[in-house]
Amino acid sequence: MNNKFYVTTPIYYPSGRFHIGTAYTTVLADSIKQYHKLKEEDSYMLTGTDEHGQKIEEKAKESNKTPQEYVDEMAKMAKELWAKMEIEYDDFIRTTESRHEKVVQKIFDRFMEQGDIYKGEYEGWYCIPCETYFTETQLVDGKCPDCGREVRLMKEEAYFFNMKKYADKLLKYYEDHPDFIKPEYRKNEMINNFIKPGLEDLCVTRTSFDWGIKVLKDPKHVVYVWLDALTNYITALGYLSEDETLFKKYWPADLQIVGKDIARFHLIYWPIFLMALDLPLPKTILVHNWIMMKDGKMSKSKGNVIYPETLIERYGLDSVKYFLLRELPVSQDGIFSPESFIERYNFDLCNDLSNLVNRTVSMVNKYFDGKVPKYNGTPNEVDEQLENYALEQVEKFEQKIDNYEIANSIQEIWNLISRTNKYIDETAPWQLAKEEQKEKLESCMYHLIENIRKIAILIKPFMRNTSENILHQIGIEKNNEKNWKNLKIYDRIENVKVIEKGEPIFMRLNAEEEIEFLKNIMKK
Ligand code: MSP
C-alpha cells in the first residue's frame with residue numbers, strides 16, 4: 001500500500017432524522033475517501049454519533065425512553081441511512097461506548113494533572129440545543145448567535161480548560177501551516193473574531209445534567225460535550241487503549257471535514273486539546289458551508305426539509321450524490337431548489353453523460369459489430385487535440401480534488417464530457433461511415449471509448465454504480481483498465497467489445513411533474 005489517508009466526519013447528534021444537509025458532510029468525506037482508495041492508498045474513514053448531553057436527555061424523555069434506549073435507536077437509524085447511501089466508513093464511533101468513555105476520563109485526568117483544567121464557577125447565557133454558553137456580547141438580539149433560539153442565564157460550579165495558555169502557540173501554528181485550514185478565509189475569521197479579542201477559557205464540565213461521562217475524581221460533574229465529542233477522532237483509533245495500532249498508523253488525520261457552524265470548535269479547541277496532549281495536529285481541517293433552501297435554513301417549522309431517502313428512492317443514489325457535491329461549492333452556501341435538482345438531472349446526467357455513452361455504444365455496434373477498434377498509434381490532428389485535452393482535464397481534476405474543491409473537480413470532469421460530445425459533432429462519424437473513411441472512423445470510435453473510460457474512472461469516487469455501469473457498457477472488465485494508474489495513458493485498451501444493446505443510464509425526467517413532486521414532499 002502507498003500512503004495512508006485518514007478522513008473524519010463530525011459525529012452527528014442523534015436527535016432527529018438526518019436531512020440532506022447532514023448527509024452532505026458524510027457524502028463528501030466518503031467521496032474523498034473513495035478517491036484515495038482509487039489511487040490505491042490505505043484510506044480509512046471514521047464517522048459516528050455524539051450521544052451525550054442535555055438535549056439528548058430531553059429528547060429521550062419526550063419519547064418516554066431512557067437516554068440509552070433512545071441513542072441506540074438513533075444510532076441504528078444513522079447506520080441504516082449510511083448503508084442506503086453506500087457510505088463505506090471503516091469505523092462508527094458512538095460516544096457512549098466504553099472504548100470512548102474510558103479514554104475521555106484518562107484525558108480529563110491528564111489535563112487536571114498538567115494544570116490545564118482548573119475548577120471555577122461558570123455563569124453565562126446557555127443555549128440548550130447548541131449546548132453552548134455565550135457571553136452577553138456574543139448574543140444576537142438576546143438570542144443564540146448560532147441557532148437564533150432563546151438562551152437561559154445559568155450558573156454552576158464547573159471545570160475550565162485554560163485556553164489562553166495556548167493562544168500564541170495556536171496562532172503560530174496557523175502561520176506555519178498554510179494547509180491546516182481550508183478555505184483560508186476561515187482562518188482569518190478565527191483570528192479576528194475569537195483569538196485576537198482574547199480567547200475565553202472553555203468550560204468542560206456540567207453539573208446541570210447527568211447524561212455524560214463522569215469526571216472520575218469529582219463524579220457530580222460530567223464532561224461537557226465538546227471535550228467528549230472532539231476526542232472521538234482519536235479514541236476511535238485506540239488512543240490510550242491497550243491496542244494503539246490504528247492510532248499509530250493513521251494519526252494525524254489527513255482531513256477532517258466540518259460544517260461552518262462547528263468550525264470554531266475544530267479550529268480552536270480541538271488543536272489546543274491536541275497540543276495539550278502533545279499530539280500532532282490534523283493536516284487539514286476543511287470547513288464547508290451549508291445547503292440552504294430558497295427561504296433560508298431547512299427547518300421542520302418552515303416545512304422545507306428534504307430527506308435523502310426520498311430523493312434516492314425516486315431518482316437513484318448517484319444523482320443525489322452528484323447534486324449534493326456539484327451544487328454546493330465548499331466555500332459558499334449552496335441552494336437546494338427543485339428546479340436546480342431536476343435541471344442537473346436532465347442536463348448534466350441525462351443529456352451530457354448518459355447520451356454520450358449511449359450514442360457511442362450504438363455507433364460501435366453499428367459500424368464495427370460492437371468491437372472497439374485498436375489504437376492506431378498515429379492519431380490525426382483532431383484526435384490528438386482530444387487526447388491532450390483529456391489528459392489536461394485529468395490533471396486539473398486531480399489538482400482541484402487534492403485541494404478539496406470538490407464541485408470544481410466535478411466541473412472538470414463535465415468539461416471533458418462536453419468536449420467529448422463536441423468531438424462527435426466535429427468528426428461526424430456518420431459522415432465518415434458514408435464516405436468509407438475506415439481508418440478515421442476507427443480512430444474516432446477508439447477515442448470516444450477511451451474518453452468514456454476515463455470519465456467513468458473519474459466519476460467513480462462520487463458515483464460508483466454509474467461508473468461500473470458505464471465501464472460494463474463499453475466492455476471494460478479488467479481491473480487494470482479501471483484503475484487510476486492507467487487513466488493517464490491513451491493506448492491502453494485492446495480486445496474490447498461493447499454490450500449489444502446499450503441502456504440509457506439516466507432517462508430524461510418530465511421537469512414540470514418532478515418539480516411539483518419535490519415541492520409537495522417539502523411541505524410534508
Ligand atoms: N455533534 C456535533 C459535532 C461534533 S464533532 C466532534 C454536531 N452535530 S450535528 O448533527 O448538529 O451536525 C453535524 C454536521 O452537519 C455539521 O458539520 C453541520 O455543519 C452539518 N450540517 C447540518 N446542517 C447542514 C446543512 N444544511 N448543510 C450542510 N451541512 C449541514 O454539530
Side-chain angles (χ1 to χ4, degrees), residues 7-29 46-56 59 71 74-75 77-78 81-82 92-96 100 104 107 127-132 144 146-149 186 202 204 212 223-236 253 255-271 273-274 282 285-300 302 304-308 320 323-325 327-337 406-407 522:
V7 56
T8 67
T9 73
I11 46 172
Y12 302 97
Y13 289 130
S15 50
R17 248 180 106 182
F18 294 172
H19 56 55
I20 51 163
T22 346
Y24 171 74
T25 320
T26 311
V27 170
L28 186 59
L46 175 71
T47 190
T49 36
D50 186 359
E51 302 188 347
H52 291 125
Q54 192 165 3
K55 189 174 164 198
I56 300 286
K59 279 267 174 186
V71 293
M74 298 302 283
M77 185 204 74
L81 175 62
W82 302 147
F92 188 105
I93 179 108
R94 301 180 51 190
T95 52
T96 52
H100 174 76
V104 171
I107 291 174
C127 172
I128 297 178
C130 296
E131 293 172 331
T132 313
C144 171
D146 285 345
C147 74
R149 280 177 272 214
R186 294 285 175 195
L202 180 75
V204 287
V223 178
Y224 162 63
V225 285
W226 282 101
L227 176 58
D228 169 358
L230 288 164
T231 47
N232 87 86
Y233 303 126
I234 50 178
T235 62
L255 176 65
Q256 301 206 262
I257 306 181
V258 301
K260 61 178 179 179
D261 54 322
I262 54 173
R264 178 162 62 105
F265 304 102
H266 285 82
L267 301 179
I268 297 179
Y269 303 142
W270 178 226
F273 288 150
L274 288 167
I285 298 182
L286 176 71
V287 181
H288 67 73
N289 280 36
W290 272 32
I291 299 184
M292 308 295 279
M293 303 313 246
K294 277 186 197 149
D295 52 351
K297 273 191 185 178
M298 252 182 274
S299 80
K300 277 200 188 136
K302 277 193 207 151
N304 61 0
V305 184
I306 297 250
Y307 296 103
V320 178
F323 181 83
L324 291 178
L325 296 169
E327 193 72 13
L328 191 78
V330 164
S331 58
Q332 63 196 74
D333 285 342
I335 305 255
F336 180 96
S337 77
I406 307 303
M522 279 156 68

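Throughout, residue positions are numbered sequentially from 1 according to the sequence presented. If you're wondering where the values come from, they're calculated on a predicted model, not measured in any experiment. Order of listing sets the numbers, starting from 1, for every ligand and every atom in it.
Within the structure, ligand 1 has His266 among the residues with a heavy atom less than 4.0 angstrom away. By the 4.0 Å heavy-atom criterion, Met292 is excluded from the residues contacting ligand 1. Put simply, part of Trp226 is less than 4.0 Å from ligand 1, judged by heavy atoms. In this structure, Tyr233 is part of the shell of residues with a heavy atom less than 4.0 angstrom from ligand 1.
In terms of protein heavy atoms, atom 22 (C) of ligand 1 is closest to Trp290 CZ2, 3.7 Å. Distance from atom 17 (O) of ligand 1 to its nearest protein heavy atom, with residue and atom name: Gly259 N, 2.9 Å. Here the protein heavy atom with the shortest distance to atom 15 (O) of ligand 1 is Thr22 CG2, 3.7 Å. For atom 25 (C) of ligand 1, the nearest non-hydrogen atom of the protein is Gly21 CA, 3.4 Å. Atom 13 (C) of ligand 1 has its closest protein heavy atom at Tyr12 CD2, 3.3 Å. Scanning all protein heavy atoms for the shortest distance to atom 18 (C) of ligand 1 gives Asp261 OD1, 3.3 Å. For atom 3 (C) of ligand 1, the closest heavy atom belonging to the protein is Ile11 O, 3.2 Å. Residue, atom and distance of the protein heavy atom nearest to atom 20 (C) of ligand 1 are Thr25 OG1, 4.0 Å.
Residues Phe265 and Leu230 approach most closely at O-CD1, 3.7 Å, considering heavy atoms. Contact between Trp290 and Leu328 at its shortest, heavy atoms only, is O-CD1, 3.3 Å. What you find for His100 and Arg94 is that their closest heavy atoms are CB-O, 4.1 Å.
If you look at His19 next to ligand 1, the close heavy atoms, those under 4.0 Å, all belong to the side chain.
When Phe18, Tyr24, Tyr13 are checked for heavy-atom proximity to atom 11 (O) of ligand 1, Tyr13 turns out nearest.
The main-chain N or O of Glu51 is found under 3.5 Å from a side-chain atom of Thr95 such that the two form a donor-acceptor pair.
Close approach to Ala229 involves these atoms of ligand 1, each under 4.0 Å from a residue heavy atom: 6 (C).
Side-chain contact between Val104 and Thr231: present, with at least one pair of heavy atoms (C-beta onward) separated by less than 4.5 Å.
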